[in-house]
Amino acid sequence: MALEPTSKGRFNLEKASILMLETNGMGMDILVQIVTGLGAKALHRCQTVDEARDTVKRNTIDLVIADALTPSGEGYEFVSWLRREGGEPNCFAPVVVTAAHTPVTMVQNARDCGAHYIVKKPLTPVVMLERILWIARESRPFIECDVYVGPERRHKNEGPPNGVPRRRDDLPPEVGDAQEPNLSQDQVDNLFSSRKVTL
Amino acid sequence: MSAVRIHRPKYALATMLRKPGGTTVAQAVEQATANLEGLQEAGSAQLDAGLAQMDALFARYGDTFDRDLVAEHYGVAVNLIGLPSLCGLDALENAAHSLCDLLDRLGTTGRWDRDGVRVHIQALRLLRNLPPGTDAVAEPVLDGLRKVRERHAIQSSN
């Protein structure tokens, strides 16, 4: 659900330790102005992937906002590294990747790096805040296997993509014969009617 | 099949966001937007520098495909993304995305389209000089860029 920019809902980012990875000076300025506007105070500004790795090793990070660093795509590699080698609790940190443009050759890296969300530039305060709040609200399990480490990617209830086999715990696609007679209209109506409940 | 481990981490961020104090969404968005306005002048200067760099790059193109030059051009074009919007130039932002799409496609296919690149650079210049909020004027220009992308079968989100 889209965030209403005029909402009076409150949130508090003051104590959140935020790692920001961005090599472009103006890009970093834009990001800093957005997150400080949203109330963040504990910022780790990293202009190289090496700096970002050092920061992860020395600090507990509550949120990572990493640029994809197109065209090299090093930002995606950093997120993959964080997931596999960042150590707990940082390896589970919420990650938003920002991307100016995703080259065709990088689409798979973007999908598989283990970020919670990828936000296309230009960045806006509303979209950044919305993604942060979404991450905080969601309860996606974290998947760790040979080819992927990160939040579960199938979280939109759109079913498995074409050509992808179903998981063992998915319900079978075939629907069997009815085992009982259909509900009557009265029974259906009763399902929707409000009732007084004694607790 | 490889072993799959499933974790259910608790995000400290979720707890922090609910702590007393903080700010409202409306105040935060307003403050962040005001902060960004303070960057407009610097963003505008960087935008112009990027466009000048783009002209210089285009002057180096020949009649045949030059993979390294296209890659260098792509790097410059990517760095423009975000600056036009910062300055309220949404149509220019759209055109910059279009150029990135085109250069990415040229770099992938190895096909050269000097006219397509030139049209994009001219469009960037034109749109740079339009006052903010004149999207109707910009629409035919963006439509022309869309046709260039269609020629290369680029499915763009713009």
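Chain A is the first sequence line, chain B the second, and so forth, proteins listed ahead of strands; every chain is numbered from 1. Below, all heavy atoms of this structure are taken into account, side chains as well, without hydrogens, waters or symmetry copies.
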Q.
Nearest 0.5 Å, please: how far is CD1 in A:I143 from CD1 in B:I6?
A. 4.5 Å
Q.
To check you understand the geometry: which heavy-atom pair defines the closest contact between B:Y74 and A:H101, and what is its length?
A. OH-ND1, 2.6 Å
Q. With hydrophobic residues grouped by side-chain heavy-atom distances under 4.5 Å, do A:V119 and A:V64 end up in a single group?
A. no
Q) By a 4.5 Å heavy-atom criterion (distance strictly below it), what part of A:S72 contacts chain B: side chain, backbone, both, or neither? A) neither
Q.
For the interface with chain A, which of B:A77, B:G21, B:A34 has the highest count of heavy-atom pairs at distances below 4.5 Å?
A. B:G21
Q: Mark yes when over 12 heavy atoms from residues, nucleotides or ligands other than A:D189 sit less than 6.0 Å from its CG; otherwise mark no.
A: yes
Q) Is there a donor-acceptor pair under 3.5 Å between the side chain of B:D104 and the backbone N or O of A:V104? A) yes
Q) Under a 4.5 Å heavy-atom cut-off, does chain A meet the side chain of B:P20, its backbone, both or neither? A) backbone
Q | A:E152 side, atom CD; B:H7 side, atom NE2 - distance, nearest 0.5 Å | A | 13.0 Å
Q: For each of A:A16, A:P71, A:G39, A:G9, tally heavy-atom pairs with chain B at distances under 4.5 Å, and name the one with the top tally.
A: A:G9
Q) Crowded around B:E41 CD? As in, over 12 foreign heavy atoms under 6.0 Å? A) no
Q. Just wondering, are more than 12 heavy atoms of other shown residues or ligands nearer than 6.0 Å to CD in B:E30?
A. no
Q: Determine whether more than 12 heavy atoms belonging to other residues, nucleotides or ligands lie under 6.0 Å from atom CZ of B:R128.
A: yes
Q) What closest approach, in Å, do B:T24 and A:S7 show between heavy atoms, and which atom pair accounts for it? A) CB-O, 4.1 Å
Q: State yes or no: do B:V117 and B:V76 share one hydrophobic cluster built from I, L, V, M, F, W and Y residues joined by side-chain heavy-atom distances below 4.5 Å, directly or via other members?
A: yes
Q: Heavy atoms only, distances under 4.5 angstrom: which of B:A14, B:P9, B:S85 has the most pairs with chain A? Name it, please.
A: B:P9
Q) What about A:L123 and A:W134, same hydrophobic cluster or not, with Ile/Leu/Val/Met/Phe/Trp/Tyr joined at side-chain heavy-atom distances under 4.5 Å? A) yes
**Q.** Greatest number of heavy atom pairs closer than 4.5 Å to chain B - which of A:P103, A:A99, A:A136
**A.** A:P103
(Q) Can you give me the closest heavy-atom contact between B:T33 and A:P125, atom names plus distance? (A) OG1-CG, 3.8 Å
Q) Counting only heavy atoms not in B:D143, do more than 12 fall under 6.0 Å of its CG? A) yes
Q | Heavy-atom closest contact (A:F92 atom, B:Y11 atom, distance) | A | O-CE2, 3.3 Å
**Q.** Distance (rounded to the nearest 0.5 Å) between A:I30 CD1 and B:L36 CG
**A.** 7.0 Å
Q: Decide yes or no for B:H97 and A:P122: does some side-chain heavy atom of the first lie under 4.5 Å from some side-chain heavy atom of the second?
A: yes
Q | Which atoms of B:L86 approach chain A - backbone, side chain, both or neither, heavy atom under 4.5 Å | A | side chain
Q) Which heavy atom of B:R8 sits nearest a heavy atom of A:P141, and at what distance? A) NH1-CB, 3.5 Å
Q. Say you draw a straight line from CE of A:M26 to CG of B:L80; how long is it, rounded to the nearest 0.5 Å?
A. 12.0 Å
Q.
According to a hydrophobic-cluster definition based on side-chain heavy atoms being under 4.5 Å apart (Ile, Leu, Val, Met, Phe, Trp, Tyr only), do A:Y76 and B:V78 belong together?
A. no
Q.
Given heavy-atom pairs under 4.5 angstrom as the criterion, report whether the side chain, backbone, both or neither of A:L63 touches chain B.
A. side chain
Q) Is A:Y117 linked to A:V79 within one hydrophobic cluster, defined over Ile, Leu, Val, Met, Phe, Trp and Tyr using a side-chain heavy-atom separation of less than 4.5 Å? A) no
Q. Can you tell which of A:E88, A:E4, A:M128, A:K8 has the highest number of heavy-atom pairs within less than 4.5 Å of chain B?
A. A:K8
Q | Distance (rounded to the nearest 0.5 Å) between A:L38 CG and B:N35 CG | A | 9.0 Å
Q.
For the CG atom of A:N24 and the CD1 atom of B:I81, what is their distance to the nearest 0.5 Å?
A. 11.5 Å
Q | chain A contacts, top residue of B:R5, B:Q31, B:K19, B:R105 (heavy-atom pairs, under 4.5 Å) | A | B:R5
Q: Might you point out which heavy atoms bring B:G22 and A:N12 nearest each other, and give the distance in Å?
A: N-ND2, 3.5 Å
